[in-house]
Amino acid sequence: MKELPKTYDPKAVESKIYDLWMSRDCFKAKADRSKKPFSIVMPPPNVTGQLHMGHALDSTLQDILTRYKRMQGYAALWLPGTDHAGIATQIKVEEDLRVNEGLTRYDLGREKFLDRVWAWKDKYGGRIVEQQKVLGSSCDWSRSRFTMDETCARAVREAFCRLYDKGLIYKGSRIINWCPHCRTALSDAEVEYKDQPGNFWYIKYPIKDSDEFLTIATTRPETMLGDSGVAVNPADEKYAHLVGKTAILPLVGRELPIVADEYVELGFGTGAVKMTPCHDPNDYEVGQRHNLEQILVMDEDAKIINGGKYNGMDRYEARKAIVEDLEERGYLVKVEPHAHNVGTCYRCGTTVEPMTSPQWFVKMKPLAAEAIRTVRDGDVKFVPERFTKIYMNWMENVHDWCISRQLWWGHQIPAWHCTDCGRITVSRNDADECEHCHSKNIRREEDVLDTWFSSALWPFSTMGWPEKTEDLDYWYPTSVMVTGYDIIFFWVSRMIFSGMEHMKKHPFDTVFIHGLVRDSQGRKMSKSLGNGIDPLEMAEKYGADALRFNLITGNSPGNDMRFYVEKCEAMRNFCNKIWNASRFVMMNLTIEKNELPESLELEDKWILSKLNDVTKEVCENMDRFELGVAAAKIYDFIWDSYCDWFIELCKPRLNSDNAAANVSAQKVLLYVLTEILKLLHPFMPFITEEIWQSLPHEGDALMMDSYPVFKTELSFPEDESSFEMVMEAIKAVRARRAEMNVPPSRKSHLIIVTDKREAFENGEGFICKLAYAAEVSVSADAPGSTEGMVSVVTDNARMFMPMADLVDFEMERARINKELANAEKQLQSQNAKLANENFVSRAPENVVNAEREKKAKLEALIDNLTESLKQLG
RNA sequence: GGAGGCUUAGCUCAGCUGGUUAGAGCGCACGCCUCACACGCGUGAGGUCGACAGUUCGAGUCUGUCAGUCUCCACCA
């Protein structure tokens, strides 16, 4: 017997329990051929990042799945790690450098700067890992990977070389998205489009050797410095005579060929479009088709080059100056306000500049084909299913992926440029000569790879690829990938095509997509808004279990959720409820072994049967990734069935002098409690483990115990419903008493008239206690007189309570009449339903039977009501 | 322009393949310190499931139209 504190104190428990798991190697996964494999690789958080609510949700889902499968006997691997997060990390270190030392990375030089980043990584890299542990994450930390560790670096290099050798990676000057703040190229996926107010500037372009001119509308007048043509629609009669002629670029004087291209939309703007192939993706395409000159007019800082007097101006300064000049010289026709979508950098929010630049690309079409096929074939399933379409749509329209970044922090591209022959050598080992001309005059490509290039290999690079490892053989493809919908394009799709290409197999069977955690007003949590809620603070205050339960209940897969601190409180209360139920069981415990008694009471059968039902439902929901539904079922079972009913039902036995009865109650209480802890463990690992450790048990840890399964021998549907008759009677009496404001302290005699005497006699004790009766008498016959009695009627019993002072004869009559009318109304609709030939013949048998049963119950209720009424006279 | 989500109790949301009188948490009302728990117990009020039409014996659930709202993709210079 143990005395535990009245309230559950997570702080006193959580780190202790986590240490216990660690010390017993509970998280360690072994490729055990006698078991079935289950694997999840963790989406690696940024190595220098801090845990936010999104991580907390992500990790909780993965932990629940992993713990569930582990308890089901799978060899469950949850493989953690961190991401070097190229831009994000580099920006942080640069910022630190600037603030503390007033230096830029260029002041330090590449090598010294990288030393600083590694130092930074060493300093902060462990932080997020420790934060994961607070949540109870059961990852195999011994396998933890980092996207820039040796294993991953080798995988990146191998993948790059393979793709290059196959011609799927190439270097070329293409139009890309440039972030002037981060000073690097970005992929299409890294650009976020945002509506911004702007203007349409209408500018006159004179026609050479003519008095005519074209009016052109543009949102970006500064790019005119790079104009090398004007385009009109070939079907546009207005301009047909100008096609083939030449326009003169105002301010600059450059001659611009006028070309006809379908790209120009009829009826939009003025119908004539200036072409700036170096600074607009569409113009680039048109330029390719018509051989227009490429004139780059901005540098890496988005300052003007090749622009005469405007050189050195920032793009916005240049815009202002150019518009002024145009106006002054009479070229500006008008200005109209015009909102348009501007691409911004997803890291820093700066407006990106489209520009041509020599970059490295992955050729996507051939890779996409396989990535589409494997999803279409159902090898990879999205949960919820609707995300399949989003993925497909993206994959079908994917452009080549710009993978080079002008950063220093990342995987440096393994390519060497020959200064003699100008060709490129790509190599798995560092090259010392040009593979084409064998010149020693080579220099390494300075660019690094997009962070997502290494993330794309994560499901297999973490398991040792390109080596043929036991882990890969056993756990790849992984079972589930858990991640947010915001990252499908960045990551999920790239893992799929990378897996198909390098492993010849899809990387995971299921992609389990979750939504965003928003604040209580539905806004995205963000640093700038300052509305973020710190998961660690919540865990500290309410316990990690409460936080986890909060995050996974009351919402459905793929949908955003709002975070309410109040809900944490409610979940904390639930923890406390479990704690106290356990405390109660322990206080009454004299047995030392968890086993069911030889013979079971009716209430035992009831709870065991209910437990069996809930076990089945929980597993069904878990297997469909309906974790929230599963959790809610466990919650209800614990609070309603076990605490509110079963514990109360056991008290008479526990308090009786009958030792055998006492022990049998203990046994069932303990058995069901233990099963509850198992069911709940994946969701609330700490409190369940803590309690389990204090109960009689076998084995090292609850988390290594086996998950409950449905047991046919413990299914008692008849006893279940028979017992529920008694429960219904109790509820009915309580309701009636509450209605009349009778305090519990006022007990009353309760006469029960029923033809189910056995069930009610059996339940006498419970009825007495739970329905506040002084004594209960069960009989088949009604008392001679019911004068001064309150009557309570269910479909299985008529009950009478002598409470003369509270009863008004007419009131009783009226109430029963009301109930009768209500029941008859229901019966009527029930009869109508069953009289419907179509229903009876077409509806499934079990549905029809259920309706018949309902009808029978109503009839019984009506009989009882009528009887009671008769008795009232 | 295209795709998708959401609209259910005062608030936030569940409700899976159509089948009782539509549920939960919080909030609210009434009564209770009933020997595990006031972070609790008991009882209750509160919803024509966005609108309209259709399919069906039967629709919160399926189909269509519309409205409001949010998101993603594409992007017209």
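Side-chain atoms are counted along with the backbone in the values below, which use heavy atoms only and exclude waters and symmetry mates. Letters go in sequence order (proteins before strands), and every chain restarts at 1.
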**Q** Which listed nucleotide (B:G19, B:U43, B:G4) is nearest to the side chain of A:K389?
**A** B:G4
**Q** Just the table, please: protein N/O against nucleotides 38-41 of chain B N/O, every pair under 3.5 Å.
**A**
from  : atom 1 : to     : atom 2 : distance (Å)
B:C39 : O4'    : A:N573 : OD1    : 2.9
B:C39 : O2'    : A:N576 : ND2    : 3.3
B:C39 : O2     : A:R572 : NE     : 3.0
B:C39 : O2     : A:N573 : OD1    : 3.3
B:G40 : OP1    : A:N573 : ND2    : 3.2
B:G40 : O3'    : A:K577 : NZ     : 3.0
B:C41 : OP1    : A:K577 : NZ     : 2.7
B:C41 : OP1    : A:W639 : NE1    : 2.5
B:C41 : OP1    : A:D644 : OD1    : 3.3

**Q** Could you tell me how far B:A14 sits from B:G58 if I compare only their P atoms? Round to whole Å.
**A**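 That atom pair is separated by 30 Å.
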**Q** Which value, in whole Å, describes the distance between the C1' atoms of nucleotides B:G60 and B:G19?
**A**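 B:G60 and B:G19 have their C1' atoms separated by 13 Å.
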**Q** If pairing requires Watson-Crick or G-U wobble contacts with both distances under 3.5 Å, which nucleotide is the partner of B:A22?
**A** none
**Q** Distance check: side-chain N/O of A:H338 vs OP1/OP2 of B:A77, anything under 4.0 Å?
**A** yes
**Q** Out of curiosity, A:L627 CG to A:L551 CG, how far, rounded to the nearest 0.5 Å?
**A**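 Here the rounded value is 12.0 Å.
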**Q** Could you identify the nucleotide paired to B:C35, looking across every strand shown and requiring Watson-Crick or G-U wobble geometry with both distances under 3.5 Å?
**A**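 B:C35 is unpaired by these criteria.
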**Q** If I pick the P atom on B:C26 and the same atom on B:U69, what distance separates them, to the nearest angstrom?
**A** 32 Å
**Q** Could you tell me the Watson-Crick or G-U partner of B:G47, where both distances fall under 3.5 Å? Say none if there is no partner.
**A** none
**Q** Determine the Euclidean distance between corresponding P atoms of B:C52 and B:U43; express it in Å to zero decimal places.
**A** 37 Å
**Q** Checking all strands, does A:E566 fall into the base, sugar-phosphate, or nothing category for heavy-atom contacts under 4.0 angstrom?
**A**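 If one applies the 4.0 Å heavy-atom cut-off, A:E566 turns out to touch nothing in the nucleic acid.
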**Q** Does B:U69 have a Watson-Crick or wobble partner in any strand here, with both distances under 3.5 angstrom, and which is it?
**A**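 WC or wobble partner is B:G5.
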**Q** So what does A:F387 hit on the nucleic acid, given a heavy-atom distance under 4.0 Å: a base, only sugar-phosphate, or nothing?
**A**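 No contact at all - A:F387 keeps every heavy atom at 4.0 Å or more from the nucleic acid.
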**Q** What integer distance in Å separates A:K747:NZ from B:G31:C1'?
**A** 14 Å
**Q** Is a side-chain N or O of A:D545 found less than 3.5 angstrom from the main chain of A:F683, in a donor-acceptor match?
**A** no
**Q** Protein-nucleotides 8-13 of chain B N/O pairs closer than 3.5 Å?
**A**
from  : atom 1 : to     : atom 2 : distance (Å)
B:U12 : O3'    : A:R562 : NE     : 3.4
B:C13 : OP1    : A:R562 : NE     : 3.0
B:C13 : O3'    : A:G554 : O      : 3.4
B:C13 : O2'    : A:G554 : O      : 2.0

**Q** When the C1' atoms of B:U8 and B:G47 are considered, how many whole Å apart are they?
**A**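 Approximately 7 Å lies between the C1' atom of B:U8 and that of B:G47.
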**Q** Could you tell me whether A:Q830 contacts a base, only the sugar-phosphate backbone, or nothing, with contacts defined as non-hydrogen atoms closer than 4.0 Å?
**A**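 Since no nucleic acid heavy atom lies under 4.0 Å of A:Q830, the category is nothing.
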**Q** Identify which nucleotide among B:U71, B:C75, B:G25 has an atom closest to any side-chain atom of A:Y193, counting heavy atoms from C-beta outward.
**A**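 Output: B:C75.
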**Q** Please answer whether the main-chain N or O of A:Q830 pairs with a side-chain N or O of A:K855 as donor and acceptor at a distance below 3.5 Å.
**A**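 Such a contact is absent between A:K855 side chain and A:Q830 backbone.
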**Q** At what distance, to the nearest 0.5 angstrom, does OG1 of A:T794 lie from CD1 of A:I730?
**A**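 Result: 11.5 Å between the selected atoms.
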**Q** Classify the nucleic acid contact of A:A581 as base, sugar-phosphate or nothing, counting any heavy atom under 4.0 Å across all strands shown.
**A** base
**Q** Roughly how far apart, to the nearest Å, are B:C32 and B:U71 at atom C1'?
**A**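 Comparing C1' positions in B:C32 and B:U71 gives a spacing of 49 Å.
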**Q** Whom does B:A14 pair with, Watson-Crick or G-U wobble, provided both distances fall under 3.5 Å?
**A**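 Its partner: none found.
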**Q** Expressed as a whole number of angstroms, how long is the span from A:F268:CZ to B:G1:P?
**A** 13 Å
**Q** Using the side chain to side chain donor-acceptor pair (under 3.5 Å) rule, pick out the option among A:E353, A:H279, A:H340 that qualifies with A:R220.
**A** A:E353
**Q** If you measure from CH2 on A:W639 to CD1 on A:I634, what distance do you get to the nearest 0.5 Å?
**A** 15.0 Å
**Q** Rounded to whole angstrom, note down the P distance from B:A53 over to B:U61.
**A** 14 Å
**Q** B:C28 and B:C39: how far apart are their P atoms, nearest whole angstrom?
**A**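 It works out to 14 Å between them.
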**Q** Rounded to the nearest Å, what distance is computed from the NZ atom of residue A:K857 to the P atom of nucleotide B:U21?
**A**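 Between P of B:U21 and NZ of A:K857: 14 Å.
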**Q** Please state how far atom NZ in A:K854 lies from atom P in B:G58, giving the value in whole angstrom units.
**A** 16 Å
**Q** Once you round it to whole Å, what is the distance between C1' of B:G1 and CG of A:N341?
**A**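 Rounding to the nearest Å, CG of A:N341 and C1' of B:G1 are 12 Å apart.
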**Q** Between A:E724 and A:K857, does any NZ, NE, NH1 or NH2 come within less than 4.0 Å of an OD or OE carboxylate oxygen?
**A** no
**Q** Is there a Watson-Crick or G-U wobble partner for B:A53 with both distances under 3.5 Å, and which nucleotide is it?
**A**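 Check on B:A53: paired to B:U63, both distances under 3.5 Å.
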**Q** Students often get this wrong, so: under 4.0 angstrom with heavy atoms, is A:V264 touching a base, only sugar-phosphate, or nothing?
**A** base
**Q** What is the distance, rounded to the nearest whole Å, between atom CG of A:D195 and atom P of B:U71?
**A**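 So the two atoms are 12 Å apart, to the nearest Å.
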**Q** How long is the gap from CD on A:E285 to CD1 on A:I175, to the nearest 0.5 Å?
**A** 9.0 Å
**Q** Heavy atoms only, 4.0 Å cut-off, all strands: where does A:K651 land among base, sugar-phosphate and nothing?
**A** base
**Q** Which comes earlier along RNA chain B counting from the 5' end, the contact point of A:N838 or that of A:N655, where each point is its nearest nucleotide?
**A**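 This one resolves to A:N655.
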**Q** So, for A:A631 and A:I552, which heavy atoms are closest and what is the spacing to 0.1 Å?
**A**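 Heavy-atom minimum between the residues: CB-CD1, 3.6 Å.
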**Q** What nucleic acid atoms does A:E620 come within less than 4.0 Å of, heavy atoms only: base, sugar-phosphate, or nothing?
**A** nothing
**Q** Quick check for you: to the nearest 0.5 Å, what is the distance between A:L695 atom CG and A:L670 atom CG?
**A**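 Atom-to-atom, A:L695:CG and A:L670:CG are 6.0 Å apart.
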**Q** Taking the six-membered ring of A:F584 as reference, does the NZ or CZ atom of A:K651 fall below 6.0 Å from its centre and within a 45° cone about the axis?
**A** yes
**Q** Can you measure from CZ (A:F563) to CE (A:M53) and round to the nearest 0.5 angstrom?
**A** 3.5 Å
**Q** Expressed in angstrom and rounded to an integer, what is the separation of A:L827 atom CG from B:U20 atom P?
**A** 18 Å
**Q** Please give, in whole Å, the distance from B:C73 P to A:D486 CG?
**A** 10 Å
**Q** Would you mind classifying the nucleic acid contact of A:I647 as base, sugar-phosphate or nothing, using non-hydrogen atoms under 4.0 angstrom?
**A**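 Base contact - A:I647 has a heavy atom under 4.0 Å of at least one base atom.
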**Q** Go through the steps to decide whether A:I322 and A:M224 satisfy the test side chain to side chain contact (heavy atoms under 4.5 Å, CB included), and finish with yes or no.
**A** CA-CA 9 Å; A:I322 286 170; A:M224 68 182 288; 3.7 Å; yes
**Q** Choosing from B:A36, B:A77, B:G4, which nucleotide comes nearest the side chain of A:R386?
**A** B:G4
